[in-house]
Structures are given as C-alpha cells and as structure tokens.
J.: 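Have a look at this one before I ask anything.
Chain naming here is simple, since letters A, B, ... match the order of the sequence lines and numbering starts at 1 in each. Everything quoted here is computed from the prediction, not taken from an experiment. The figures that follow rest on heavy atoms only: side chains count, while hydrogens, waters and symmetry mates do not.
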Amino acid sequence: MQNMGIEVLFKGINSLRLWQGLWVTIRIALISMVFSIILGFLLGMVMNIPNKIIKFICRIYLEIVRIMPQLVLLFLVYFGAAKHLGMNLSGETAAVIVFTFWGTAEMGDLVRSALISIPKHQYDSGYGLGLNKWQVYLYIILPQTIRRLLPSAVNLLTRMIKTTSLVALIGVVEVLKVGKQIIDASRYTNPTAALWVYGAVFFMYFIICFPFSRLSRVLEKKFAD
Amino acid sequence: MDFEFIREQTPLYIEAAKLTLHMAVIGVLLAIVVGLVCSMIKYFRIPVLRQIVECYIELSRNTPLLIQLFFLYFGLPKIGIVLSSEQCAITGLTFLGGSYMAEAFRSGLDNVPPIQVESALSLGMSKSQVFTNIILPQAVSNSIPAFCANAIFLIKETSVFSAVALADLMFVTKDLIGIYYKTDEALFMLVIAYLIILLPISLICSFVERRVRYAEYGD
Amino acid sequence: MGQPILEVEHLKKSYVNNVPILDDVSFSLQKGEVVVIVGPSGCGKSTFLRCINRLEEIDTGVLKLNGVSYEKEKKNISKVREKIGMVFQSYDLFPNMTILNNLLLAPMKVQKRNKEEVKKEAEQLLDRVGLLDKKDNYPRQLSGGQKQRVAIVRAMLMHPEIMLLDEITAALDPEMVREVLQVVLELAKTGMTMLIVTHEMEFARSVADRVIFMDKGNIVEENTPEQFFDNPETDRAKQFLNSFHYETVKK
Amino acid sequence: MGQPILEVEHLKKSYVNNVPILDDVSFSLQKGEVVVIVGPSGCGKSTFLRCINRLEEIDTGVLKLNGVSYEKEKKNISKVREKIGMVFQSYDLFPNMTILNNLLLAPMKVQKRNKEEVKKEAEQLLDRVGLLDKKDNYPRQLSGGQKQRVAIVRAMLMHPEIMLLDEITAALDPEMVREVLQVVLELAKTGMTMLIVTHEMEFARSVADRVIFMDKGNIVEENTPEQFFDNPETDRAKQFLNSFHYETVKK
Amino acid sequence: ADDGGNTAQARTLDEIKKDGKIKIGVFSDKNPFGYVDENGDVQGYDIYFGKRLAKDLLGSEDDAEFTYVEAASRVEYLQSAKVDVILANFTVTDDRAEKVDFALPYMKVALGVVSPDDALIKDVKDLEGKKLIVVKGTTAETYFTDNYPDIELVKFDEYQEAYDALLDGRGDAFSTDNTEVLAWAQQNEGFSVGIESLGDIDTIAPAVQKGNTDLLNAINDEIKSLADEQFFHKDFEETLKPVYGDNINPDDLVVEGGVVDSEEKAEDADAAATEDSDAASDDTKDAETTEEPEETEAADAE
Ligand SMILES: Nc1ncnc2c1ncn2[C@@H]1O[C@H](COP(=O)(O)OP(=O)(O)OP(=O)(O)O)[C@@H](O)[C@H]1O
Ligand SMILES: Nc1ncnc2c1ncn2[C@@H]1O[C@H](COP(=O)(O)OP(=O)(O)OP(=O)(O)O)[C@@H](O)[C@H]1O
Ligand SMILES: NC(=O)CC[C@H](N)C(=O)O
Ligand SMILES: [Mg+2]
Ligand SMILES: [Mg+2]
C-alpha cells in the first residue's frame, strides 16, 4: 500500500494518455490561435476605420471579452447553441469557437495598435511610388505589423494553453481531465497519486509553455528596432 | 428564466462577490509588491537573487494557476505544511500575479530613456536620488497600463479558487448548477456579478491610463 | 518656355475648421527646371508637395501634369504618382525588405516591369550613389544618409518626370547632408525636373534655377537664387534669411 | 591667464575592444572662456563631454576642476557634477514633472536650498528666456525649442562653474534653433564658462572665443574662430568646412 | 416538453436505432461508478449497465458511445440533447425530476459520515459548529444544505480532493454515499464511519430528456427484464466489489427490476433523520412510485 506513488504515471498507458491530453490542449490552442490571428487582423483593420458606430461596436466586443468569464462563454456556445440554435457542436469545436472569440479580440486590439504604430510616412512612401491601397497593405504594412505582433501572439498562445483546463466542463478530455481520471481511477490503491499526477501535469504545462515564452522573448528582442 | 430563484440566491452571490473581491484586492496588492521587489532585483542585477527571480518568473508564467493552487493546497500538506484555503488562494494569486507585475514593471523600467538618468546625474543627483525621483516615478507610470490589464486578468483568475473550496463567484455558480440545475440563472448571475466588479475597474483603469498619459507623453 | 510640365492653379487646402493651410497658391514648373521652396516651419511647404502628389485631397484648384488636369482623378491616381517621384524627410524605406527589394517593389508591382531588367538598372544606380555593396542589407543596417540615397534611387527607378524632395536632409548629420545633397546636385545636372523643399540655404542657392519663398500658406516671393539670397525683395524674406545669421558676441 | 578652471590631461577612452574613441586628448579651459568643439560625426565630441562630466569612465588620464583632480572620485562625484552643468541634444526634461518642478528638483534635493528662494530665481530665469507662463505646464506641452531653453535654465539654476552643451539644437527646426542659440549667446555675454559642441557654423563663429576641431578622437586644430573659419591651418579642417559649401550647378 | 423552446429535441428511440449508436453520458472520474482505467478504457458500475443497454437496444456493446460529463452539467447534457441517456450515478431528486425524466432506479444508497477516530462523529448533532466536507453536486451536499444549514460545509469537486482534505484536517468529517466512506475507512487507519446511514434511501436511476417517452419506456422495460438474471448483482460483483470488499452486502446497494424494497431501511433512515427532512422523504416516495404515473403523464404529452 505505502508505495512510492510515482509509478501511477507509468501504469498501463497512463503517461501516453497524459501526453494525448496535452495534445488536445495544444491542438485547441493552436487552431484557435490560427483563427484568432486571421480574424484579429481583419478586426484590427476594421477598428481603425474612423467611424463612431464601428468603434463603439468593437469597444463593446472587447469589453465583453474582457469581462465575460471564459466558462460562461463555453456553456453558452456548447449548450446554448444546441438549445437555442439547434446546433450540436462537439466540445472541441465549441472550445475552439470560444477561444477564437477571445483570441480575436485580443489579437484585434494588438493589430489595431500595431497598425497605428506604423509611421504614416510608410503609407505615404508606398502611395508616392504609385502602389495602390491593397498593394501598400500587402507588401508594406502587413509584413511590418506581423513582425511587431509575433511576440504578443506567441504570448497569447501560451495563455490559451494555460486556460484550456476549463474545457473539461464541456466534456473535452484535455490534460488536466486525464490527470483527474488517473487520480480517481487509482484512488483506492494509490492515495498519493494526486501529488504525482498534478506534479506531472505542472511539469508538462511548463515544458510546453516555456519554449513558447522564450520564443516570444527572443522575437521581442530581435524585432526591437 | 426563473427570477424568483435569482432573487433568492442573490445574497449568496453578494457574499461570493465580496470574497472574490477581498481575495483579489489582497492578491493584486501583494502581487504588486512582489513584482516591484523582483523587478528591482533584476534591474540592479543582484547576483543569486536574480537567478532565483528568473526561475520564479518562468515557473509562474508558464503554468496554470489552477495547478499552482493544487500544489499549494493538496501538495504541501504531504510535507507537513497545511495552509488554509484563503492562504493558498492569496499565495497562489500572489505567486502568479507577482511574475506578471514584475514583467510589467521591468519593461516600465527599461523604457525610461538612459538620457533621463544621465541628465539627472549631471545635475549632481546621487544614484539613489536619481532612482527615487526620476526612474521610479517614470517606470511606475510607464507600467500603469500593464498593471491595470494584469489586475483585471488576476481578478478573473480568481475563478479557479473554487478548486480550493473557497466560495467565490465561480464556486457558487457551479454549486447552484450542481444542486438545482438552474444553469441559465446561475450563469446569468455570474456574468452580472463579474460585470459589476470588472466594469468599474476597467473604466477606472482607462481613466487612470489616460491621466497618466496626459501628464507624461504627448503626441 | 513652352508647355509647363506641372501647373498648379488657385490651390486651396485646409485640414480642420477651414483654416487655410494653402491659400490660393498658383505655380508652374518647366521641364528640366529645379525650383527650391524655402520658408519658416509650418508655412505649408510639405502640404504643398503632398497636394501635388495627391497624398492630400485639395479643397479647390486645378493640378495639371503635361496639360492634363488630375486633381479629381480617382482610379488612375497611381498612374500620376508614377510620374511624380517623391522623397520624404523621414527615412522612408520599408524596413521589412532588403535594399534591393525596396527598389524592385514598385517597378515590378506597379509598372509590371521585368525583374532582371529592373534589377540591372537598380544596381547601376546604386553603384552611382556608392551603395552597391549594401544591396542585400536591411535599411536598419544603413546610416541615415545612406538610406536617403537609396530613397532617391528608389524614386528614380520609376523614371518619374518630376521629383519632389521634402527636406530630405533635415534629420541627418552634417556630413551625411553633404553626401545626399551631392546626389541631388548630380541629378540636377542630368536635367531632372525637381521641386525641392530645404533649409540648407547654401545648397538651395547652388541647386536652384528659381527660389520660391512661402509664408503662411502663400507664395510671398519668387526669385532667382542670387537675387533672393543676396537681395530679397520682401521684408518677410529678409527677416527669414536673417535668422540664419548670428552676431558675434561682444565681451 | 591664471589657473584654468578645467584641465584635461592625456585623456584616453575606449568603449569596446580597446578601439580608442578618445586618444590622448589634452585640453584646458579658462574661467569665462567659451570654447566650441566642431568635427565630423562620430569623431568623439559627445564622448569627450561625457567623460568630462564622468558620465563615462575614462581609461587613463587626468581630469582637474580648479586644480583638483577628480577622475577617480567615486563618492563625491555628484559634488563635481553640480559644478559642471550639462545640456544634451535630446529634450531631456523629466516628463513626469511640471516645468517648475523640473527646475526645482536638483537645487532642492541636491543643494538642499530653500524652496521659495529657488522658485524665485527659477521664475526670473524662465522669464528671461520668455517661458514664465509655461511654468506649470508639462514638458510634452512645449515645443522642442522651448524644452531646450528650459533645459538650459535647469542647468543654470545649479549655479555651475562650467556649462557643457552637446548639440543642443541638432533636433530642432531652424527657427527654433535661433531661439535656443540666442539664449546661449546671452549666457556667453554674462561671462559663463562654456564648452559647446555644435554643427551651426555661423553660431560657432559668433559665440566662440576659441574653436577646437576634433577628428578621430584627437584634437586636430585649435584656433580663434576667425582664423579657423576663414583660414584653417590643417587640411582635414579645410575639407570639413568645405562640406558646408556647395558649388553652383552649371547647366 | 415542459421546457418548451429552450430544449433541443432529443433523439427518439427510432432515430437512435437508425443511427446505430446510443450516446450515454457517464462520469470519467468517479471510481468505481464511471472511471477510465490505466489503459484508457472507461469502466465502472454505470458503464457496465450502459454497455448492456446498448447491446439489448442496438445489438452490440460497442454501440454505446460514452460522453464524459461533469456532475454539474448532467442536466444540461440532456436538455441540449448532447446525449440520449445519462448514466452518471444520478440520484433521483425533486429538483432534478423537474428538469429530466428519470427511469426506474438501479441502485440505492444512503449517506455516511467518516471522521478521524480521535474525534469520531457519531451523531449529526456532533457536527454542529464543525466543518463537514462534501463533494459538490452530491446528495450529501443537498441533504445538509436543506436539513442542517448551520453545519459549515467545505465543498470540493472531486472525491480525491475531499479525502485529501479530510486527511489534511481541513474538515472534521466527510459525508457522502455510505458505500464510499465505508470502503475508504477500511483502508485508512485512524478513520472510521461514525454514522453509517443518514437521511433517506436515495435511488439512482438513468435519466433522459423530459418527454422522451419511448426511450424512457425502453429503458424501463430493459431494467425490468434484467431483474430475472439479477443483472445488477452481477454488475456489483464485477465493478464494485473489488473496491468495497466483502463488508458490504450487495442487497443494501443494488436495485433489481426497478423495485426498491425499502421497508427495513426506511425506518432506520427516518429514525436518524430529524423531522424537517420531510421534503427529502417525499422524494424517495416519488421515486418508488414513479413508474406508473410517470408513464401515463409522458404518454399524455405524446
Ligand atoms: N494632417 C494634418 N492635420 C491638421 N493640420 C496639419 C496636418 N498636417 C499639417 N498641418 C498643419 O498645416 C500647417 C502646414 O504644415 P506643413 O507640414 O505643410 O508645414 P511645413 O512648411 O512643411 O513645415 P516644416 O518646415 O516644419 O516641415 C502647419 O500649421 C501644420 O500644423
Ligand atoms: N556606448 C557606446 N558604446 C560603443 N561605442 C560607442 C558608444 N557611444 C559612442 N560610441 C562610438 O564612439 C564614437 C564617438 O561617438 P560620439 O558620440 O562621441 O561622436 P560625436 O562626435 O558626438 O558624433 P555626433 O556628431 O554624431 O554626435 C563613435 O564611433 C560611436 O560609434
Ligand atoms: N458526484 C457524484 O459522484 C454523484 C453523487 C450523487 N450520487 C449524485 O447524484 O448527486
Ligand atoms: Mg515639412
Ligand atoms: Mg554627439
């Protein structure tokens, strides 16, 4: 009975399951991030349109995201869409939608400020050379924006990874949920399982997030000028 | 929606909101203190301490608060340290927030132009005078936007406190859903409660940010 | 004199509250002519150049290039801009591209010219301004003066009929000023039509065929460089030129 | 001539890899003298001033203020800096304080002077440079020229024995240059000892008692302003001064 | 039907048959009722039944598609038609019966209280002014909230957390289904179950969306027909016994054919509970007599 406890991690396919759970976590975060970046760019451009109504709507959207707990959004999308809109989304889809909703707002705001931080004369010299609006955006503004955004985008990604533990509530089995399953399955045989499993999960989050936040820091330095 | 139910449960939410806010305020304040101390250690490049601070920042920023709490609450007793729920929650929030605040303040410090320090020095001010009169105030106001964003982030992070049996807003909500299955009502009240707490804070923050920016940098 | 290459008639421009920044400015430029605009800060020089290039919409007035008015042109404004090269005060190279790509972008995308051909021309021009070895560098690796020389080459590559230069040396160290203005002088020698805003009076005097002095949104004096610098007609111009001289301190 | 107020002997300074930026520079300044340093960009002018003020540590050499060497001073270096005022190129006012507080900070904190007395003096000086009405504004509300005038006043208020000015007008529009240099000229008239780095040759000529020409970390020529500008002795100086002149384009 | 437009229409039995898969909501971290073993396979008392249900309705055990639910979202899963049936240790209560339709019970359970030997809680009265640990969403929580509002509850999400909390002295006792605490106390020296049966006997039953009558009937029929082979006793042997050991009599726990022979136990329960537990006992009665009226009501709705 009084064994080391750590072997809970190596029983059966437990460690593989944890990694699979982590992959679910990362997958949700990555897919959401891709959508967030695309939509965030559009949103950022829209937010810079000098129109009071558009500004107001965007502001409301940002405040909603800022204030609404992610859990509420998850419930709304997962159960709400089924009940009120008749859309039966899978847990992972719902999670991606919610994380995209959140990420788009954050990216949008970042893109907006990145866009205004690009000196006006960059636009001017583009136009001055005879490039049209789209060419200026495509060749000059967007590439510069992306460089500025990369660090904060990577940062957002790690925050998403860390927030995914909430999605267990809508039936998605991610790393933390797997951890709980393992702990519970060995509840009677291995009372210290919690310590080891949570320790492992802690470590797994760390080894995934750490390279990302390092990367973000490196990018930040690289693009400093 | 069952408004009778909402009315009945409101006192519960008020209690929970008070608790949430109470924990958040203490946590955020302590986080600021930790953040200041850590960023100073980094700024002045104090050996050994600096490496410890770096490790702490990486650990805290790259792991979820929930897991950090599990560790404090369920892990520490295994080596004989039993912290109460409140102590764990505040320690956890401070542990997490401290690193965020430290980063915010560090970039605030980094963004004080060297010329500011030099011109203060050339006015005959001593190093400590330069730090307290020039670097510190400018760094603080540089980092106010980040402080605000962090404060809101930390308040929202309190929602994982329910994991250590603290009856915060999220706890009450999940509990009501679990007991009465009034999902819509419980979530509705949760949103309202967060709205009442966060909206004013959000507004105060943008006001402060604008004030600071006005006094500081134009154009 | 013949048909002027550029004509500006009764140009009016205001930004906010109808406060006129340019107030009924008329002006014309002959082919091959180099005109220098001087005047106090904020008098509207930059605005004038930007209006000519339609980077700002004008309120009223007529703009003509080779006799064809283009002040209302919408769709084909890029066509006009192709013919009017412009270089700004700030180092306006695109930081995300190498020097060579900065040069190739517009000729390839706007004029759809053949890459190899443009590249050859670009390298020749870079060589002429002494920067061929920098062609694969990024703008941040160049000094201010080098960047401005590249910016001039970039405008040149579009084969413009006119070049507008707006205080292209204002942000440079004196010795860099020299190397950039040298390039402009060479350009003038080749017969390029140019409209130049500058605060370098020595340079203005040597490069200009004609000097225009602006103040408060108006052309106050138009003169030959010799006349203008040695014997300005208007009091305002005298006062302006005076601000470049200092009396010796008597102790 | 008497005892020089400032003496620099065999000053050597390098930043990286022992590449000398200042290579055995010796120099002295008499009380009441105004010396202007000119020279190409990167020749070490700023480094020289920064070394004098000990903002940079020197490699070897001696620095003496009123005959007392201070190049090794550690604890009391602020005492030395009190006596050597410095104004930089960038607008270096403290953005978090009003103009008046910018002025009061050092006299009160460093010299522990009475607030009312300093305030009175500050207001007098502000009035002299025409900025009394701005005293409760923040730096961001001032133009570049106004900021630099305040920066000069701030240094003055410490009653320094020497003032070091490093290209204080390099980032300014021409008309602002005028208003700032006018203040420096007035200062020179009051007999303030000054060491000035500038690229404004007209100004240099009028304010200087002596001109020093530096190149590549060395003092290459030392001369009266008349001699230096009209008849420089060294070739390098001739070449340097030439870069401020342009030959007229012959078409 | 009651919830009107707020409810996504659940699949009828025919639709399920046509699809060939039945979606069953189960726990994945409530050993031994529904949990995932070290090979990643879902196991437990509820699962055992779920597989059988799928086999009898659709032909194969593999036709059961298990969705992992959380205690708090079990009703939501039915209301939004994310699953066809919930088999997640779902105790029948009044509040829940308003939201979902319960089928016949397949288990019964009462509450137990475990506490350290050196401060053993033998009576509910001993709990006053003390801290009682419960797991959120369990009947223990409801019971103490309704009947003993003065007892301070310390609530956790998971059993493991609750036990750890008890071990670490974060509460004076822990209450949950008696089977749970008995089994645990056996394995942890220094702890004993001071109160073995508290409150009423609750029943645990499958649940379907309100108004999904044909599915409900099918499940009821299934439960009745399984009585012959004493299916749930077999289920107990397979899944619960390895955990609970021999000390627990399967008859105290298992319900066959949906019939609760509660007489002997109900008296115990009444004796233990105080007077204001009326509401809770109504509950049990409801559940016992459910089969007939429930069916007619549903038929009316059809
Ligand atoms: N986008 C704008 N919106 C409003 N006002 C503007 C804008 N751009 C310029 N102005 C104003 O128009 C006037 C003329 O500006 P302009 O830049 O043309 O002056 P300038 O002669 O080029 O000055 P400088 O020598 O400093 O470059 C100034 O008073 C300026 O404040
Ligand atoms: N902190 C530093 N680290 C390394 N090299 C430096 C540093 N500061 C200056 N230098 C180098 O020292 C040399 C002299 O610089 P300095 O700023 O003194 O020149 P300057 O004469 O003031 O030029 P300018 O007229 O452009 O201001 C330059 O080559 C410069 O690149
Ligand atoms: N969380 C659980 O294990 C469920 C406990 C209890 N049987 C209930 O239905 O509430
Ligand atoms: Mg301009
Ligand atoms: Mg310098």
Side-chain angles (χ1 to χ4, degrees), chain A residues 1-2 7-21 71 74-91 93-94 165-174 176-195 197-198, chain E residues 3-11 23 25-44 66-83 157-165 167 180 183-184 186-189 209 242-245:
Chain A
M1 201 56 242
Q2 263 322 88
E7 83 266 354
V8 66
L9 294 177
F10 308 105
K11 243 176 145 179
I13 56 163
N14 279 355
S15 53
L16 177 67
R17 285 170 63 209
L18 280 173
W19 287 110
Q20 282 168 342
L71 178 77
L74 285 172
F75 266 75
L76 277 183
V77 173
Y78 187 66
F79 297 117
K83 284 202 291 187
H84 305 288
L85 307 173
M87 286 195 307
N88 203 344
L89 305 166
S90 77
T93 315
S165 54
L166 281 178
V167 302
L169 278 156
I170 56 170
V172 180
V173 183
E174 46 62 71
L176 191 58
K177 184 75 195 174
V178 173
K180 285 189 173 180
Q181 288 174 353
I182 292 175
I183 292 170
D184 196 81
S186 46
R187 201 168 66 203
Y188 294 98
T189 50
N190 190 341
T192 56
L195 194 63
V197 172
Y198 285 140
Chain E
D3 272 63
N6 262 6
T7 307
Q9 198 57 51
R11 303 194 302 170
K23 289 189 217 158
V26 296
F27 281 139
S28 67
D29 50 7
K30 298 287 187 293
N31 187 5
F33 300 103
Y35 67 99
V36 181
D37 69 11
E38 65 250 35
N39 297 315
D41 298 323
V42 61
Q43 302 285 0
F66 293 108
T67 301
Y68 300 154
V69 301
E70 299 287 310
S73 52
R74 283 177 292 188
V75 168
E76 256 336 288
Y77 270 94
L78 286 177
Q79 288 188 334
S80 53
K82 296 270 178 195
V83 296
D157 288 320
E158 317 284 346
Y159 279 121
Q160 175 66 42
E161 293 167 15
Y163 287 128
D164 269 336
L167 283 170
E180 270 283 337
W184 187 80
Q186 269 170 30
Q187 293 173 0
N188 284 271
E189 219 145 284
Q209 195 183 73
V243 176
Y244 292 158

J.: Closest approach of A:I13 and E:N39, non-hydrogen atoms and distance?
T.: CD1-O, 3.0 Å

J.: To check you understand the geometry: which heavy-atom pair defines the closest contact between A:I170 and E:Y77, and what is its length?
T.: C-OH, 3.1 Å

J.: Counting only non-hydrogen atoms closer than 4.5 Å, does E:V36 touch chain A with its backbone (N, CA, C, O), its side chain (CB onward), both, or neither?
T.: both

J.: Which heavy atom in A:A82 sits nearest to a heavy atom in E:S80, and how many Å separate them?
T.: CB-O, 3.5 Å

J.: Are E:S73 and A:Y78 close enough that some pair of their side-chain heavy atoms sits under 4.5 Å apart?
T.: no

J.: Side chain from CB out, backbone as N, CA, C, O: work out which of these in E:E76 comes under 4.5 Å of a heavy atom of chain A, or both, or neither.
T.: both

J.: Non-hydrogen atoms of chain A under 4.5 Å away: do they reach the side chain of E:D37, the backbone, both or neither?
T.: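 Looking at E:D37, just its backbone touches chain A.
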
J.: Which bit of E:Y163 comes within less than 4.5 Å of chain A, counting heavy atoms only: side chain, backbone, both or neither?
T.: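 The side chain, not the backbone.
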
J.: For residues E:Q79 and A:K83, report the shortest heavy-atom separation together with the two atoms involved.
T.: OE1-NZ, 3.7 Å

J.: A:I182 versus chain E, heavy atoms under 4.5 Å apart: side chain, backbone, both or neither?
T.: neither

J.: Side chains of E:K82 and A:N88, heavy atoms from C-beta outward: is any pair under 4.5 Å?
T.: yes

J.: Is it the side chain or the backbone of E:Q43 that comes within 4.5 Å of chain A heavy atoms, both, or neither?
T.: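 The answer is neither part of E:Q43.
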
J.: Relative to chain E, which segment of A:F10 carries a heavy atom at a distance below 4.5 Å: side chain, backbone, both, or neither?
T.: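 Interface part for A:F10: neither.
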
J.: Under 4.5 Å heavy-atom distance to chain A, tell me which part of E:D164 shows up: side chain, backbone, both or neither.
T.: side chain

J.: What residues, two or more places apart in sequence or in another chain, satisfy ring pair (Phe, Tyr, Trp, His ring centres under 6.0 Å) together with E:Y35?
T.: none

J.: Can you list everything that forms a side-chain hydrogen bond (donor to acceptor under 3.5 Å, both in side chains) with A:K177? Sequence neighbours excluded, please.
T.: E:D29, E:E70

